[in-house]
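All values derive from a computational prediction rather than experimental measurement. So you know, we letter chains A, B, ... as the sequences are listed, proteins then strands, and number each from 1.
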Protein chains: 2
Amino acid sequence: MTRITPASDRRSDALSRDRIVDAAIEILDTQGERALTFRALATRLSTGAGAIYWHIADKEALLAAASDRIVGLALARVGTMPDPRDAIRAHALALFDAFEAHAWVGTSLSLDPLQTEMVRFLERIGGSLVALGVPLAQRFDAWSACVNYILGVAGQSAAHARHQPPDANRDATLRAVAESWNQLDPSTYPFLHEAAAYLPGHDDRLQFLAGINLILAGLNQTPS
Amino acid sequence: MTRITPASDRRSDALSRDRIVDAAIEILDTQGERALTFRALATRLSTGAGAIYWHIADKEALLAAASDRIVGLALARVGTMPDPRDAIRAHALALFDAFEAHAWVGTSLSLDPLQTEMVRFLERIGGSLVALGVPLAQRFDAWSACVNYILGVAGQSAAHARHQPPDANRDATLRAVAESWNQLDPSTYPFLHEAAAYLPGHDDRLQFLAGINLILAGLNQTPS
DNA sequence: ACCTGAACACCGTTCAAGT
DNA sequence: ACCTGAACACCGTTCAAGT
């Protein structure tokens with residue numbers, strides 16, 4: 001069947017789930033989570049608010065679909081790696097970066113089988129652990145630890161970003177937290193006094209990776 | 001100064017931040033996150049909706065305060081332990097259990113110095129790592145990994161609970177996910193086919209603990 | 001089958017007015 | 001200083017009516 005796209009600039013194609021998710025991501029990224037309303041989305045898509053419900057169940061499903069899309073984009077950026085440890089690190093960093101760039105991605109991810117990109121991510125980590133030779137008895141726990149660490153900690157990191165005004169100075173925020181720790185009683189909070197010195201200027205991303213490396217290192221030990 | 005509490009059953013004491021947070025937690029626990037509105041809260045406290053704003057900045061601050069309270073209750077349940085590894089495990093499980101019992105606790109936690117219980121938690125984990133003898137050079141990364149794993153993964157776990165109807169059968173949900181994994185193409189998703197067998201009936205809590213143990217085991221290795 | 005947009009049943013937050 | 005509650009400016013979602 002031949003399909004000819006109209007020569008004239010059509011104002012918009014037919015509505016579709018994909019186009020809705022595209023528009024939602026654009027609003028989320030440029031104007032933030034609070035700006036994503038069905039009315040704003042409908043305006044951007046030149047349609048009525050109710051039309052969206054023909055394609056997507058509700059706002060929760062919309063956010064889940066948008067998050068899954070971001071996961072997919074992150075996975076696409078990860079090349080194949082010969083060393084399974086490197087593969088796990090690369091996937092972890094890719095998701096971390098994606099979550100930082102789109103701070104609204106976070107708790108909306110679930111094991112929902114509709115989230116096809118999430119499923120691909122789960123498989124990739126599992127496959128890397130198989131390639132790494134983690135024995136079957138430990139494999140499921142190790143997989144759960146990796147996957148949950150990546151999603152949980154990256155999500156946690158994004159949550160911090162979410163609770164800040166978008167123009168917040170990261171260094172200033174960290175310095176303020178360090179300052180507040182320094183003002184605690186040093187005898188009851190000795191560690192936080194020590195940590196306060198490390199807080200400003202530390203690299204979230206490297207710290208995130210250090211955690212992954214601890215888990216990978218733990219895999220080499222027989223569990224106590 | 002002597003204070004005599006009135007003999008008669010006063011309908012309510014003066015409004016206070018603590019009483020507001022108490023009432024909010026009760027609504028969150030019994031009726032869920034969506035039921036927590038300033039109107040419902042005001043009704044329960046026999047006051048006007050606007051009165052709450054005299055004590056708490058906005059809804060975000062309310063949720064943060066409620067979450068911090070839950071962290072405090074969890075910490076209170078952890079006794080002192082001679083072995084720092086046990087202390088870390090005990091703290092991890094206490095927070096995990098608290099997050100499961102109050103699925104609305106999650107992303108609202110931050111490094112905000114107003115969250116005093118959170119600060120106590122951060123100190124306790126750090127102190128345990130000092131007691132464990134983790135050298136200064138690794139200490140900050142190790143602390144970050146532990147703290148972020150616990151908050152992130154426990155929060156992730158609670159997020160799953162949140163996205164389920166409160167009466168959902170956990171086993172049935174896991175079986176459904178396993179079933180959906182089994183229907184994927186086995187040649188592109190070999191790991192998930194294997195994992196599907198482990199999914200129903202697995203213990204989230206033990207898996208969470210296994211991740212903590214991997215991190216603790218990793219601390220014994222020199223980083224690669 | 002798909003879209004429209006008014007209508008419904010709510011929200012968080014503010015603020016003049018009270019005590 | 002603290003509380004009241006109406007008012008404002010929104011929401012997500014539904015649904016009769018259109019094409």
Between D:dC15 (P) and A:Asp58 (CG): distance, integer Å: 15 Å

Carboxylate-amine/guanidinium contact A:Asp22 A:Arg69, below 4.0 Å: yes

Rounded distance in Å - CD1 (A:Ile27) to P (D:dG12): 11 Å

Salt bridge (charged side-chain N to carboxylate O under 4.0 Å, His left out) assessment of A:Glu117 paired with A:Arg120: CA-CA 5 Å; A:Glu117 304 298 339; A:Arg120 288 181 59 219; 2.7 Å; yes

Residue B:Phe38, side-chain atoms from C-beta onward, closest of C:dG12, D:dG12, D:dC3: C:dG12

Gap between atoms CG and C1', on B:Leu41 and C:dC11 respectively (whole Å): 14 Å

Proximal nucleotide (of C:dG12, D:dG12, D:dC2) relative to the B:Trp54 side chain: D:dC2

A:Leu63 CG - D:dT13 P separation (whole Å): 10 Å

Whether A:His202 and B:Phe140 hold their rings parallel, tilted or perpendicular, with breakpoints at 30° and 60°: perpendicular

Under 3.5 Å on both distances, the Watson-Crick or G-U partner of D:dC11: none

Pair partner, D:dA17 [Watson-Crick or wobble, under 3.5 Å]: none

Nearest-nucleotide pick for B:Arg39, side chain only, options being D:dC11, C:dA1, C:dG12: C:dG12

Most 5' of B:Gly50 and B:Ala35 on DNA chain C, judged by nearest nucleotide: B:Ala35

Length of the CD-P vector between B:Glu60 and C:dG12, whole Å: 13 Å

B:Ile150 and B:Phe121, any side-chain heavy atoms less than 4.5 Å apart: yes

Proximity to the side chain of A:Leu15 - top-ranked nucleotide from C:dC3, D:dC3, D:dT13: C:dC3

Touch class at under 4.0 angstrom, heavy-atom based, for B:Leu36 against every strand present: sugar-phosphate

Aromatic ring pairing B:Trp104/B:His102, orientation class (parallel under 30°, perpendicular over 60°, tilted between): perpendicular

Rounded interatomic separation in angstrom, taking NZ from A:Lys59 and C1' from D:dT13: 12 Å

Strand partner of D:dC3, provided both Watson-Crick or wobble distances fall under 3.5 Å: none

Length of the line joining A:Ile56:CD1 and D:dT13:P, which is rounded to integer Å: 11 Å

Separation of C:dG12 P from B:Ile52 CD1 (nearest whole Å): 10 Å

Minimum-distance nucleotide to A:Ala51 side chain [options: C:dC3, D:dC11, D:dC3]: C:dC3

